[in-house]
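Remember, it's 1-based here, ligands and their atoms both numbered in the order they're listed. For the numbers below, each heavy atom of this structure counts, side chains included, while hydrogens, waters and symmetry mates do not.
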Amino acid sequence: MTDWWDKQIHRANHLAPQANGSKELLKFYAQLLRAQKDVYEFLRGCQSWLPSGDLECDLPMLLHAERLMMYWGNSSDIQFFEKAVLQPYLRWVADTGARPVGRAASASERFCPFCGGSPQVSFLQNKETTAESGNRDLICATCLSSWGFRRVVCANCGEERPAKLGYFHSPEFDHVRIEACDTCKHYIKGVDLTRAGFAAPIVDEIDAAPLDLWAREHGFTKIELNLVGV
Ligand SMILES: [Zn+2]
Ligand SMILES: [Zn+2]
């Protein structure tokens with residue numbers, strides 16, 4: 001799983017120099033991903049400790065990890081730190097086969113089946129498809145795992161009528177689009193890995209931050225802001 005963090009970091013470093021309007025965000029995010037990788041490695045390296053998945057029990061370890069993040073020295077608000085530390089923690093929970101305890105799980109397909117979090121970004125990829133799932137997946141904003149989701153459905157309210165679902169994309173970002181819903185006025189970004197297989201959806205959606213401006217100007221609210229606040 002260290003590879004997973006490295007892949008995100010490399011992608012951010014690769015995109016930053018050529019970014020159009022999101023260079024500083026990507027540089028910041030690359031640093032943040034490095035700190036998150038450190039948190040993950042710290043947790044993974046704790047001898048004789050495995051996460052229980054119960055945050056209350058595991059909190060002492062996370063407080064050490066949070067200090068690690070503070071040490072890295074960003075002055076953003078505390079919510080930011082919680083989320084930034086929880087992502088690598090929950091990834092390690094998932095990798096060790098534990099389950100999160102005490103998080104309100106939802107039966108709804110619109111929430112992460114592992115931790116109950118909201119989707120951060122959606123992506124399309126080529127895989128064995130069924131009529132049910134299509135080939136679209138959502139990535140969880142809280143634990144960064146992904147789950148299959150139907151293709152033409154609002155990831156916020158479940159709207160299915162095609163006339164209510166709009167897509168916007170700009171030539172600058174060939175493989176990223178806004179997926180907006182006229183019913184609930186929310187949107188999520190979608191990354192098309194069939195056009196750019198090397199993309200890392202959570203990084204590429206930050207690279208495409210100018211699309212968020214367009215969405216906001218048109219009255220749409222993002223389902224969940226990412227770690228750089230876009
Ligand atoms: Zn999750
Ligand atoms: Zn909707």
Have a look at the Zn ion (ligand 1) and estimate, to 10 degrees, the angle subtended by SG (Cys115) and SG (Cys112). 120°
Given the Zn ion (ligand 1) as the apex, I'd like the angle to SG of Cys143 and SG of Cys140, rounded to 10 degrees. 110°
Glu41, Gln87, Gln31 screened by side chain to side chain donor-acceptor pair (under 3.5 Å) with Gln36, the one that passes: Gln87
Quick check on the Zn ion (ligand 2): does His186 put an N/O/S atom closer than 2.8 Å to it? no
Is Asp207 salt-bridged to Arg11, cutoff N-O under 4.0 Å? no
Give a yes or no on whether the backbone of Trp5 and the side-chain of Lys37 come within a donor-acceptor separation of less than 3.5 Å. no
SG (Cys184) - the Zn ion (ligand 2) - SG (Cys154) angle, nearest 10°: 110°
Heavy atoms, side chains only, cut-off 4.5 Å: are Thr96 and Pro51 in contact? yes
